[in-house]
Amino acid sequence: MTTQEEFAKHQAIQERMVSIAQKMLTNKKALQKEIREDLKNPLIKNAIEELKKRNAN
């Protein structure tokens with residue numbers, strides 16, 4: 001394998017890694033948004049408070 005081919009291979013791997021990282025970040029932001037929306041739900045909020053009380057004891 002020539003140096004040029006190795007460089008091209010490494011560059012392709014880097015581009016794929018950046019693409020994956022961008023997708024992960026997008027998914028993380030979407031999940032955080034979903035969690036924030038869920039926390040507005042009174043049932044979920046009450047369940048969390050109940051768990052906090054149990055864990056405090």
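The first residue in the sequence is number 1, and the count goes up from there. Just so we're clear, the structure is a prediction, and the values are computed from it rather than from any experiment.
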- Task: Sequence neighbours left out, what passes side-chain contact (heavy atoms from CB on, under 4.5 Å) with Lys29? Give chain and number order.
- Result: Leu25
- Query: Apart from Met24 itself, what residues make up its hydrophobic cluster, given side-chain heavy atom links below 4.5 Å?
  - Reply: Ile20
- Pairing residues for Ile13 by the side-chain contact (heavy atoms from CB on, under 4.5 Å) criterion, not counting sequence neighbours: Lys9, Met17
- Scan for salt bridge (Lys or Arg N to Asp or Glu O under 4.0 Å) pairs involving residues 35-54, sequence neighbours excluded, and state none if there are none. Glu37-Lys40, Glu49-Lys52, Glu50-Arg54
- Residues at least two apart in sequence or cross-chain that pass side-chain contact (heavy atoms from CB on, under 4.5 Å) with Gln14, listed by chain then number, are none
- Task: Could you list the residues that satisfy side-chain contact (heavy atoms from CB on, under 4.5 Å) with Glu5, not counting sequence neighbours?
- Result: Met1, Thr2
- Note on the structure: Under a side-chain separation threshold of 4.5 Å, the hydrophobic residues clustered together with Ile44 are Leu31, Ile35, Leu39, Ile48
- Sub-3.5 Å donor-acceptor pair from the side chain of Ser19 to the main-chain atoms of Glu15, do we have one? no
- More than 12 heavy atoms of other groups within 6.0 Å of Gln4 CD: no
